[in-house]
Amino acid sequence: MVARMKLATWNVNSIKARHERLLAFLARERPDVVCLQETKVLDEGFPHLELRGAGYYAVHLGQRAYNGVAILSKQEPKDVFYGMKDDGADEHARLIGARIGDVSVISAYFPNGGDMGSDKYAYKLGWMERLRAELDARFSPNDALALCGDFNVAPFADDVSLKDFEGSVLANPEVRAALERIRAFGLVDVVRPFHPRGGVYTWWDYRAMGFERNHGLRIDHVYATSTVADRVIGAVVDRGERQGKGASDHAPLIVEIDD
DNA sequence: ATGGTAGACGCTCTA
């Protein structure tokens, strides 16, 4: 049994730069769980006390200047894990997991991949293979699990606004195959069924008026095992949060799970 | 093939 839950995932592109917007988002939406990516701070710079004041527990895996992932929740998080079991000593802060009530939640920040053929792209592909192994090591497809975050992969052609993005590190057959291997653990994209015709994006480039021209990609996702996925009753992108001065380049993705 | 902007950092890297 899975309790009713409003679950959000948002790449904030610096929790310091997004402080006021994050608090306003929590006050407005009152989500039960929020997965954050790109906090870009060590844990001592993470606003634990202010979030607690807003009614949220937080677990955070931080890093100076880059990456950083967190899970905020109204209920106290249990069974927290930080990073992957085979992480190296200087591994990027890209994965955190916790159990919130009866649902295990992972906040993931997949590597962007830089340019095709680069070392960063090779790291991205390797990281995605390691994530599949991590899921196998920690979970069963029969568990109630939600894998949320910035996947840096647009799964389908209609998740891409401009042909220019096709063939990039974010949208090509190789990364889509790597994503399919993660999905094949026993996950489903719970957002796609609510937007079957595509064209619903979660990220727009800051440059060249990307948002104003709606030159976006759907690269933020919630993938879930059937226990959770069968109970999803809605999924929306909070495009309003991408508008105006001081916005992240990603909009929050919000999923409603019924009981 | 390059540039456009934003964020953190410290005259550059990442996205």
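Below, chain A is the first sequence line, B the second, and so on; all start at residue 1. All values below come from the heavy atoms of this structure, side chains included, with hydrogens, waters and symmetry mates left out.
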Problem set entry | Rounded distance in Å between the P positions of dT2(B) and dA6(B) | 23 Å

For this session: Taking only Lys NZ, Arg NE, NH1 and NH2, and the carboxylate oxygens of Asp or Glu, determine whether Asp205(A) and Arg213(A) approach each other closer than 4.0 Å.
Result: no

Exercise. To the nearest angstrom, how far is Glu212(A) atom CD from dG4(B) atom P?
Worked result: 16 Å

Exercise. Among dT14(B), dA8(B), dA15(B), which is the nearest nucleotide to the side chain of Tyr66(A)?
Worked result: dT14(B)

Problem set entry | Backbone N/O of Arg192(A) and side chain of Asp189(A): donor-acceptor pair under 3.5 Å | yes

Exercise. Over how many whole Å does the gap from Tyr206(A) atom OH to dG3(B) atom C1' extend?
Worked result: 18 Å

For this session: Take atom CZ of Phe165(A) and atom P of dA15(B), then tell me their distance rounded to the nearest Å.
Result: 15 Å

For this session: Rounded to the nearest angstrom, tell me the gap between atom CG in Asn11(A) and atom C1' in dG7(B).
Result: 12 Å

For this session: Please state how far atom OH in Tyr109(A) lies from atom P in dT14(B), giving the value in whole angstrom units.
Result: 11 Å

Problem set entry | Rounded interatomic separation in angstrom, taking CZ from Arg64(A) and P from dC9(B) | 6 Å

Exercise. dG7(B) C1' sits how many Å from Leu36(A) CG, rounded?
Worked result: 16 Å

Problem set entry | Rounded C1' spacing from dC9(B) to dT14(B) in Å | 12 Å

For this session: Starting at atom CD of Gln243(A), determine the distance to atom C1' of dA6(B), rounded to an integer number of angstrom.
Result: 18 Å

Exercise. How far, in whole Å, is dG10(B) from dA1(B) if one measures between their C1' atoms?
Worked result: 29 Å

For this session: Using a strict 4.0 Å threshold on nitrogen-to-oxygen distance, state whether Arg28(A) and Asp238(A) make a salt bridge.
Result: yes

Seminar exercise, completed: Contacts of Gly113(A) and Lys16(A) projected onto DNA chain B by closest heavy atom; the upstream (5') one is Lys16(A)

Exercise. Touch check for Arg94(A), heavy atoms < 4.0 angstrom, all strands: base, sugar-phosphate only, or nothing?
Worked result: sugar-phosphate

Exercise. Between dC9(B), dG7(B), dA15(B), which nucleotide gets closest to the side-chain atoms of Lys120(A)?
Worked result: dA15(B)

Problem set entry | DNA chain B: 5'-proximal contact among Lys40(A) and Trp203(A) (nearest heavy atom) | Lys40(A)

Seminar exercise, completed: Between the NE2 atom in His250(A) and the CD atom in Glu241(A), the distance rounded to the nearest 0.5 Å is 13.0 Å

Problem set entry | Among Asp158(A), Asp159(A), Thr202(A), the one residue meeting side-chain hydrogen bond (donor to acceptor under 3.5 Å, both in side chains) with Arg218(A) | Asp159(A)

For this session: Identify which nucleotide among dG10(B), dA8(B), dA6(B) has an atom closest to any side-chain atom of Ala65(A), counting heavy atoms from C-beta outward.
Result: dA8(B)

For this session: Examine dG7(B): is either OP1 or OP2 under 4.0 Å from a nitrogen or oxygen in the side chain of Arg207(A)? Give yes or no.
Result: no

For this session: With heavy atoms under 4.0 Å as the rule, sort Arg18(A) into base, sugar-phosphate or nothing.
Result: sugar-phosphate

Exercise. When all nucleic acid strands are considered with a 4.0 Å heavy-atom cut-off, which category describes Phe211(A): base, sugar-phosphate, or nothing?
Worked result: nothing

